[in-house]
Amino acid sequence: MAALVVGGTAFRVWQVARVDDRQPVDAVIVLGAAQYDGEPSSIFAYRLRHAEALYEEGLAPRIVTTGGNRAGDVYTEAEAGRRYLIERGVPADAVIAVAEGSDTLGSMQAVAARAEQDGWSSALVVSDPWHSLRARTMARESGLDAWTSPTRSGPVVQTRETQLRYIVRETAALLYYQLTHASVDTESTGLG
C-alpha cells in the first residue's frame with residue numbers, strides 16, 4: 001500500500017510538472033528562491049522572467065513576488081524579485097512584494113491574506129515544474145483559486161538526474177505536507 005501511495009504521488013508530481021495551466025487570472029505569483037544582495041539567483045531569475053512573460057501576455061494585471069529573508073540579509077526575496085521585474089520594464093504598480101514566509105506554505109498563506117485584503121482570488125503560480133503540485137496544493141488550501149505555469153528553463157530542468165532528484169524530493173515533501181499540513185525544510189533546494 002505504501003509503495004502505491006509513494007508511486008502514485010511521484011506520478012502526480014511528474015504529471016502536474018508537465019502541465020501549463022496558463023489562463024486569465026487576478027495575479028501571477030512567483031515563488032521566491034535565493035537572492036544575493038538584491039540580485040535573484042539564477043533559479044529565481046528564470047521564474048521571474050516566466051512571470052513577466054505571462055504578464056506581458058495579458059493573463060494577469062499584477063505579479064506578486066514572494067519570500068522573506070534570512071538573518072543578515074538586507075533584501076527579502078520578494079523585494080529582490082520586485083526590483084528585478086521593475087528594472088526589466090514591468091510597471092511598479094503592477095508588482096506587489098509579499099515579503100513574508102520562509103517556505104512555500106508561509107508564502108502562500110501570506111499571499112492569500114493579501115489577496116483577501118485587496119479583493120482578488122485567482123492566481124497562476126510560477127515555480128519550477130517539480131514544485132508545481134505542492135505549490136498549487138498549498139495555494140488552494142490557503143484559499144486561492146490556483147493553477148500552475150511552471151518555468152521550463154533554468155538549472156532545475158537541465159538534466160534528467162536533476163529532474164529525478166527534484167521529483168523524489170517533491171514527492172517526499174508533498175507526502176509530508178499531506179500528513180502534517182506543515183512544510184518540510186527544503187531550503188537547501190530552493191523549493192521551500
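We count residues from 1, following the sequence as given.
Two residues are said to be in side-chain contact when any heavy atoms from C-beta on lie closer than 4.5 Å; Thr104 and His131 meet this criterion. In this structure the side chain of Trp120 reaches within 4.5 angstrom of the side chain of Arg62, judged on heavy atoms.
Residues Val125 and Ala135 approach most closely at CG1-CB, 3.9 Å, considering heavy atoms. Closest non-hydrogen pair, Gly38 versus Ala80, comes out as O-CB, 3.5 Å. Scanning all heavy atoms of the two residues, the minimum distance from Phe44 to Ala33 falls at CD2-O, 3.6 Å. The shortest heavy-atom contact between Ala45 and Pro40 is N-CB, 4.0 Å. Counting all heavy atoms, side chain and backbone alike, Ser183 lies closest to Leu105 at OG-CB, 3.1 Å. Residues Leu133 and Val13 approach most closely at CD2-N, 3.8 Å, considering heavy atoms.
The same ILVMFWY cluster, assembled from side-chain heavy atoms under 4.5 Å apart, contains both Ile96 and Leu144. Under the 4.5 Å side-chain contact rule for hydrophobic residues, Val25 and Val126 share a cluster. Under the 4.5 Å side-chain heavy-atom criterion for grouping Ile, Leu, Val, Met, Phe, Trp and Tyr, Trp147 is not connected to Ile29 through any hydrophobic cluster. Hydrophobic clustering keeps Leu48 apart from Val64 (ILVMFWY residues linked when any side-chain heavy atoms are closer than 4.5 Å, directly or through intermediates). Hydrophobic cluster membership differs between Trp14 and Leu164, with clusters built from Ile, Leu, Val, Met, Phe, Trp and Tyr side chains linked at under 4.5 angstrom.
Side-chain N/O atoms of Glu141 and Tyr177 include a donor and acceptor closer than 3.5 Å. Side chains of Tyr84 and Arg49: a donor on one and an acceptor on the other come within 3.5 Å. A donor and an acceptor atom, one from each side chain of Arg152 and Tyr46, are nowhere located under 3.5 Å apart.
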**Study point:** Chi angles and distances behind the side chain to side chain contact (heavy atoms under 4.5 Å, CB included) call for Leu124, Arg22
**Key:** CA-CA 7 Å; Leu124 276 173; Arg22 65 180 66 197; 4.2 Å; yes
Practice item. In sequence, state the C-alpha distance, the side-chain angles, and the governing distance for Arg169 and Arg165, and then conclude on side chain to side chain contact (heavy atoms under 4.5 Å, CB included). Key: CA-CA 6 Å; Arg169 192 163 190 86; Arg165 185 169 48 95; 5.7 Å; no
Check your understanding: Hey, mind stepping through Glu100 and Thr76 against side chain to side chain contact (heavy atoms under 4.5 Å, CB included) and telling me if it holds?
Key -> CA-CA 9 Å; Glu100 299 172 45; Thr76 64; over 6 Å; no
Point to revise | From CA spacing to verdict: side chain to side chain contact (heavy atoms under 4.5 Å, CB included), Leu59, Gln23 | key: CA-CA 6 Å; Leu59 294 176; Gln23 59 188 282; 5.7 Å; no
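Annotation: the span from Ser107 atom OG to Glu77 atom CD amounts to 7.0 Å, rounded to 0.5 Å. If you take CD1 on Ile43 and CG on Leu31, they are separated by 12.5 Å, rounding to the nearest 0.5 Å. The structure places CE of Met1 at 7.0 Å from CG of Leu4, a figure rounded to the nearest 0.5 Å. The distance from the CH2 atom of Trp130 to the CZ atom of Arg18 is 8.0 Å, given to the nearest 0.5 Å. Taking CZ of Arg12 as the start and CD of Glu170 as the end, the distance is 14.0 Å to the nearest 0.5 Å. Once rounded to the nearest 0.5 Å, the distance linking OG of Ser102 with CG of Asn69 reads 10.0 Å.
The environment of Glu116 atom CD is sparse: at most 12 non-hydrogen atoms of other residues, nucleotides or ligands sit within 6.0 angstrom. Shown here is Gln117, whose CD atom has more than 12 heavy atoms of other residues, nucleotides or ligands within 6.0 Å.
Under a 3.5 Å cut-off, the side chain of Asp118 and the backbone N or O of Ala115 do not form any donor-acceptor pair. The backbone N or O of Pro150 lies less than 3.5 Å from no partner atom in the side chain of Thr148, so there is not a single donor-acceptor pair. Judged by distance alone, the side chain of Thr66 and the main-chain N or O of Val30 form a donor-acceptor pair under 3.5 Å. Checked by atom type and distance alone, the side chain of Glu79 never pairs as donor or acceptor with a backbone atom of Ala97 at under 3.5 Å. Between the Thr65 side chain and the Ala78 main chain, a donor and an acceptor come within less than 3.5 Å of each other.
A salt bridge links Arg47 with Asp128: the distance from a Lys NZ or Arg NE/NH1/NH2 to an Asp or Glu carboxylate oxygen falls below 4.0 Å.
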